[in-house]
Asks: 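The structure is given below, and queries will be raised subsequently.
Worth saying up front: this structure is predicted, and the values here are computed from it rather than measured.
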Amino acid sequence: MRVLIVEDEAIIAMHLAILVAELGHEVCATAASAAGAIALATLHNPDVVLMDVRLAHGSSGIDAARELHAQQALRCIFLSANLDEATRTALLPYEPIDFVGKPVLPVVLQRALKKAEGLTDLS
């Protein structure tokens, strides 16, 4: 499965890339902003997006998810240290695959990616 990682913290993005690869998936690209995520998704056509909810410099994972869902019908596994009920509710229109809290535990990420795999034609 091809995975786009959208995370503004470089160390966390590298950690996620390592975990995704260890779990047998391909990281097709990594973005740090909503605009970068949209551009890279168009270029690389991922199967799923690991999306940080809060990105740096006023950029929003929610805005990126909205665009990716509208343009490419892409669905996200959302990552956040603060996955409160209001945030989860705000994300429902974009058909989230799963929510993963930070710090990301490998077993939780594995479960979310397996859930995504079950939704793609690649399973």
Side-chain angles (χ1 to χ4, degrees):
M1 190 166 56
R2 295 171 46 80
V3 180
L4 169 62
I5 297 173
V6 184
E7 169 60 60
D8 60 323
E9 296 288 335
I11 292 173
I12 295 172
M14 286 189 301
H15 180 246
L16 289 170
I18 291 167
L19 289 176
V20 167
E22 286 176 348
L23 293 169
H25 303 285
E26 175 191 349
V27 176
C28 62
T30 303
S33 68
I38 294 162
L40 289 170
T42 301
L43 185 63
H44 294 284
N45 196 28
D47 297 306
V48 67
V49 181
L50 288 181
M51 179 72 72
D52 187 14
V53 173
R54 291 179 181 90
L55 301 170
H57 310 295
S59 186
S60 166
I62 296 172
D63 293 340
R66 178 184 310 113
E67 286 298 314
L68 294 174
H69 191 264
Q71 291 177 5
Q72 298 177 342
L74 274 171
R75 294 176 64 192
C76 299
I77 296 169
F78 289 98
L79 310 169
S80 182
N82 302 304
L83 285 169
D84 57 32
E85 199 56 39
T87 301
R88 289 176 186 249
T89 301
L91 295 169
L92 288 178
Y94 316 115
E95 302 180 67
I97 294 169
D98 209 346
F99 299 97
V100 175
K102 287 182 178 179
V104 175
L105 299 174
V107 68
V108 176
L109 181 60
Q110 180 180 28
R111 183 196 74 223
L113 288 170
K114 281 193 180 295
K115 194 172 178 183
E117 243 179 348
L119 299 172
T120 68
D121 295 331
L122 303 174
S123 56

Asks: Please table the atom pairs, donor to acceptor, closer than 3.5 Å between any side-chain atom in residues 25-35 and protein atoms at least two apart or in another chain.
Replies:
unit_1	atom_1	unit_2	atom_2	d
Glu26	OE2	Arg2	NH1	2.9
Ser33	OG	Gly36	N	3.0

Asks: Here's one to test your reading of the geometry: is the NZ or CZ of Arg88 within 45 degrees of the ring axis of Phe99 and under 6.0 Å from its centre?
Replies: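 Here Arg88 passes the 6.0 Å and 45° test against Phe99.
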Asks: For a quick test of reading the model, state the closest non-hydrogen atom pair linking Val53 to Ser80 and the distance between them.
Replies: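 Answer, listing the atom of Val53 first, then Ser80: CG2-CB, 3.9 Å.
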Asks: Heavy-atom distance under 4.5 Å between the side chains of Val49 and Ile5, does that happen here?
Replies: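 Answer no - side chains too far apart.
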Asks: In Å, rounded to the nearest 0.5 Å, how long is the span from CG of Asp98 to NZ of Lys115?
Replies: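 Asp98 CG to Lys115 NZ: 4.0 Å, rounded to 0.5 Å.
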Asks: I would like to know whether Gln71 and Ile38 meet side chain to side chain contact (heavy atoms under 4.5 Å, CB included); could you show each step before the answer?
Replies: CA-CA 9 Å; Gln71 291 177 5; Ile38 294 162; 3.7 Å; yes
Asks: Return the CD1 to CG distance between Ile11 and Leu16, rounded to the nearest 0.5 Å.
Replies: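 It comes to 12.0 Å.
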Asks: For the atom pair CG (Leu105) and CZ (Arg111), what is the distance rounded to the nearest 0.5 Å?
Replies: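 Output value for this atom pair is 10.0 Å.
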Asks: Nearest 0.5 angstrom please: Ile97 CD1 to Glu117 CD, how far?
Replies: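 Spacing of CD1 (Ile97) from CD (Glu117) equals 11.0 Å.
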Asks: Calculate, to the nearest 0.5 Å, the distance between atoms CG and CZ belonging to Asp47 and Arg75 respectively.
Replies: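 These two atoms lie 12.5 Å from each other.
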Asks: Is there a side-chain contact between Met1 and Leu113 (heavy atoms, below 4.5 Å)?
Replies: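 With C-beta onward as the side chain, the pair touches.
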Asks: Passes side chain to side chain contact (heavy atoms under 4.5 Å, CB included), Asn82 versus Arg54? Steps please.
Replies: CA-CA 9 Å; Asn82 302 304; Arg54 291 179 181 90; 3.7 Å; yes
Asks: Could you list the residues that satisfy side chain to side chain donor-acceptor pair (under 3.5 Å) with Lys102, not counting sequence neighbours?
Replies: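 For Lys102, the residues satisfying side chain to side chain donor-acceptor pair (under 3.5 Å) (neighbours in sequence not counted) are Glu7, Asp52.
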Asks: Distance from Leu79 atom CG to Glu9 atom CD, nearest 0.5 Å?
Replies: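 It is 12.5 Å, given to the nearest 0.5 Å.
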Asks: For residues Ile62 and Tyr94, determine if any side-chain heavy atom of one lies less than 4.5 Å from a side-chain heavy atom of the other.
Replies: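 With C-beta onward as the side chain, the pair touches.
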Asks: How close do Ser60 and Leu55 get, counting heavy atoms only, and between which atoms?
Replies: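 For Ser60 versus Leu55, the nearest heavy atoms are C-CD1, 4.0 Å.
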Asks: Does NE2 in His15 sit with more than 12 non-hydrogen atoms of other residues, nucleotides or ligands closer than 6.0 Å?
Replies: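 No - once you tally the heavy atoms of other residues, nucleotides and ligands closer than 6.0 Å, there are 12 at most.
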Asks: State, yes or no, whether a side-chain contact exists between Val104 and Ile12 at a heavy-atom distance under 4.5 Å.
Replies: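 No, their side chains stay 4.5 Å or more apart.
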Asks: Which atoms form the tightest heavy-atom contact between Ala116 and Val48, and what is the distance?
Replies: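 Where Ala116 meets Val48 most closely, the heavy atoms are CB-CG2, 3.9 Å.
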Asks: Answer whether the closest heavy-atom distance between the side chains of Met51 and Ile77 falls below 4.5 Å.
Replies: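 Side-chain contact under 4.5 Å: no.
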Asks: Quick one: closest heavy-atom pair of Gly61 and Phe78, and the distance?
Replies: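 Heavy-atom minimum between the residues: O-CE2, 4.4 Å.
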Asks: Any side-chain heavy atom of Val3 sitting closer than 4.5 Å to one from Pro46?
Replies: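 No - every pair of side-chain heavy atoms lies 4.5 Å or more apart.
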Asks: If we only count heavy atoms from C-beta on, is the Leu40 to Val6 side-chain gap below 4.5 Å?
Replies: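 Not touching, per the 4.5 Å side-chain cut-off.
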Asks: Are the side chain of Thr89 and the backbone of Glu85 linked by a donor-acceptor contact shorter than 3.5 Å?
Replies: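 Indeed, once roles are kept as given, a pair shorter than 3.5 Å links the two residues.
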Asks: Suppose we screen for salt bridge (charged side-chain N to carboxylate O under 4.0 Å, His left out). Which residues come up paired with Arg66, at least two apart in sequence or across chains?
Replies: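 Residues passing salt bridge (charged side-chain N to carboxylate O under 4.0 Å, His left out) with Arg66: Asp63.
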